Amino acid sequence: MLALLTLTGCSIEQRLARTSENIEDLYAKAREWEELPLRVISWNQALAMIYNNNIELKQVSSTIARYEREGLSIYTDMIPGLSYYGYMTQALGDIFGPYSGSDVNTNVNMTFNLPTITNIPYRVYAARANTFAAMKTKEFKERELISKIYKEVRSREIELKKRALANSRPDMNEQTKMLNESSNRLADANYWKSVADVLGDYTARWQILPESMPRVKWSVYSKKLNRLDPLTICRFAVRLEQARLSQYGIALQYLPTINANLYSPSLFSSYGGTYQGSFLDGDDTNINLNISYTLDTKLSIWNSYRDRKENYENIKHEVEASVIDHKHKLTQLRRSVSDYYSWRSYMNKRIRYIQESPVSTADEQLLRDTSVLDMKAEMLNQEGKSVESETALILEYGLTEK
């Protein structure tokens, strides 16, 4: 009670003013990315930070906990409840006079309520279905976050190689270097922010060691592309089941409603200062059982049922289309990755051939070195694009080496 009075004791303007001061103080203390300390962590440490700090993951975990509580409430609703009732009567003329026991009446009762019997099996199943769906959502969210951090680390690794290659070019002038430095600072800030968003920690510039991270092996994933991942199949199935449950929930309204409750075996009863009730006295106990059934004369239930049924059929068609589209995308992904590896193999052979070719003049040497640098730059560009394919594979099948 004291906490509630304290909470409502201030005006809305006062509370918002205090909150605004805290936000302003937080903004004043925030530092630019370049001012934050650089901290190097391993891949496993990064995963631990994601599981512990990521906001999106915490929100999904909260959803799971909420559905679990809702499932438990189906049973806790059957636990008897206790209620207290008390009042005081006094003549207006004696309001400031002495009080006696006959002026105060109190009663403590126990109430037992059994929820609608016909709905209990549906509520139990629906609660378990919601919890299961939320758990699969969390599993997919973890996979999505892993694919994001993998993409950031791989892209950063390639970006640093591109910078080193650009700085090694003999035709690099000062103006180009200055423009590159400005572009690099912006890219660095975007990278630190992206990594901090996934890790859920903005206190440092987090650098994840590329050598500590598992790599996507095409030989492993090429076999997986022949089938859908179990998690993907499960998410499609959950979507269909949720639509079916929605339809089933409306159909239950055609069943009769059965309620039962037990009220007031007095635990304590005092009238005018004397005890007049007995503990669990059968004469003081009321058991109520009612059955009701309402005809759907206005067809409101039937119309809702038809809407849910049509929605279920539509979702079935959507899932079928999504599965087919999924297969087409995976086929394109397979071709894209295969083409990239074939092209990369050709380029490596081409670079080795040019590097081993004899030259007779300094101009030929410069031309050969420039050509090799151009080809290596193009390979890094294509490798950067291939990271998108690697990310898609991780999102689809998870990051695995087996």
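Predicted, not measured: the structure shown is a model, and the values here were computed from it.
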Check step by step if side-chain contact (heavy atoms from CB on, under 4.5 Å) holds for Asn130 and Leu245. CA-CA 10 Å; Asn130 288 334; Leu245 271 179; 5.8 Å; no
Non-hydrogen side-chain atoms of Val124 and Arg128 separated by less than 4.5 Å: yes
Say whether, by atom type as modelled, one donor and one acceptor occur between the side chain of Asn54 and the main chain of Val198 under 3.5 angstrom. yes
Can a donor-acceptor pair be found, under 3.5 Å and without considering hydrogens, that links the side chain of Ser73 to the backbone of Thr76? no
Is it the case that the side chain of Ser155 and the backbone of Glu152 share a donor-acceptor pair, with hydrogens and angles ignored and the cut-off at 3.5 Å? no
For residues 340-359, run the donor-acceptor check on the side chains, cut-off 3.5 Å, and write out each pair with its distance to 0.1 Å, sequence neighbours left out.
from: Ser342; atom 1: OG; to: Ser338; atom 2: O; distance (Å): 3.0
from: Asn348; atom 1: ND2; to: Arg344; atom 2: O; distance (Å): 3.3
from: Ser357; atom 1: OG; to: Tyr353; atom 2: O; distance (Å): 2.7

Donor-acceptor contact present, side-chain Asp296 to main-chain Trp302, <3.5 Å: yes
Measure from the side-chain N and O atoms of Trp43 to the backbone N and O of Tyr150, and report whether any donor-acceptor pair falls under 3.5 Å. no
Check this for me, if you would: do Arg163 and Glu159 make a salt bridge, where the nitrogen-to-carboxylate-oxygen distance has to be below 4.0 angstrom? yes
To the nearest 0.5 Å, what is the distance between CD1 (Ile50) and CG (Asp201)? 12.0 Å
Strictly distance-based, threshold 3.5 Å: is any side-chain N or O of Glu157 a donor or acceptor partner for the main-chain N or O of Val153? no
Would you check if Ser246 and Asn311 make a side-chain contact, meaning some heavy-atom pair closer than 4.5 Å? no
Between the main-chain N or O of Arg244 and the side-chain N or O of Gln247, is there a donor-acceptor pair closer than 3.5 Å? no
Test item: Leu209 and Ile41 side chains (from C-beta on) under 4.5 Å apart, heavy atoms: no
Arg235 atom CZ: more than 12 heavy-atom contacts under 6.0 Å: no
Option among Glu383, Glu388, Gln382 that satisfies the side chain to side chain contact (heavy atoms under 4.5 Å, CB included) test with Lys385: Gln382
Let me check something: any side-chain donor-acceptor pairs from residues 30-39 under 3.5 Å, sequence neighbours excluded? List them with distances.
from: Glu35; atom 1: OE1; to: Glu32; atom 2: N; distance (Å): 3.3

Ser222 side chain to Trp218 main-chain N or O, any donor-acceptor pair under 3.5 Å? yes
Below 4.0 angstrom, N of the basic side chain to O of the carboxylate: do Arg335 and Asp339 qualify? no
Let's go through Gln365 and Thr361 carefully: what are the C-alpha distance in whole Å and the side-chain angles of both, what is the deciding distance for side-chain contact (heavy atoms from CB on, under 4.5 Å) to 0.1 Å, and is it a yes or a no? CA-CA 6 Å; Gln365 177 73 36; Thr361 65; over 6 Å; no
Side chains of Asn226 and Arg334: closer than 4.5 Å at any heavy-atom pair? yes
Tyr248 OH to Tyr122 OH distance, which is reported to the nearest 0.5 Å: 9.0 Å
Which residue, Lys224, Glu396, Arg227, forms the side chain to side chain contact (heavy atoms under 4.5 Å, CB included) with Leu330? Glu396
Would you please test Met213 and Ile208 for side-chain contact (heavy atoms from CB on, under 4.5 Å) and show each step? CA-CA 8 Å; Met213 180 180 65; Ile208 303 172; 5.6 Å; no
Kindly compute the distance separating OG1 (Thr137) from NZ (Lys141), expressed to the nearest 0.5 Å. 9.5 Å
Salt-bridge criterion met for Glu21 and Arg18 (N-O under 4.0 Å): no
From OH (Tyr51) to CG (Leu145), nearest 0.5 Å: 9.0 Å
Is any side-chain heavy atom of Asn303 closer than 4.5 Å to one of Lys298? no
Does Arg66 form a side-chain contact (heavy atoms from CB on, under 4.5 Å) with Thr63? I'd like the steps, not just the answer. CA-CA 5 Å; Arg66 174 166 57 84; Thr63 302; 3.7 Å; yes
Side chain of Asn314, backbone of Glu310: donor and acceptor closer than 3.5 Å? yes
Do Glu241 and Tyr125 come close enough that some side-chain heavy atom pair is under 4.5 Å? yes
Looking at Lys162, I want to see if its NZ is surrounded by more than 12 non-hydrogen atoms of other residues, nucleotides or ligands under 6.0 Å. yes
How long is the straight-line distance from NZ of Lys148 back to CG of Leu199, given to the nearest 0.5 Å? 12.0 Å
Test Arg143 against Asp229 for salt bridge (charged side-chain N to carboxylate O under 4.0 Å, His left out), laying out the working first. CA-CA 12 Å; Arg143 182 179 293 183; Asp229 182 71; 3.0 Å; yes
Sub-4.5 Å side-chain heavy-atom contact between Tyr397 and Val220: no
Within 6.0 angstrom of Met135 CE, more than 12 heavy atoms from elsewhere: no
With Arg156 as the cation and Tyr191 as the aromatic partner, state whether NZ or CZ is under 6.0 Å from the six-membered ring centre and within 45° of the axis. yes
Are Phe140 and Thr232 packed together at the side-chain level, in the sense that at least one heavy-atom pair is separated by less than 4.5 angstrom? no
With side-chain hydrogen bond (donor to acceptor under 3.5 Å, both in side chains) as the test, would you mind laying out the steps for Glu24 and Ser20 before giving the verdict? CA-CA 6 Å; Glu24 289 179 353; Ser20 298; over 6 Å; no
Gln242 (side chain) donor-acceptor with Arg239 (main chain) under 3.5 angstrom: no
When you check the gap from the basic side-chain N to the acidic O, do Glu390 and Arg215 get nearer than 4.0 Å? no
Euclidean distance, Met375 CE relative to Leu380 CG, rounded to 0.5 Å: 12.5 Å
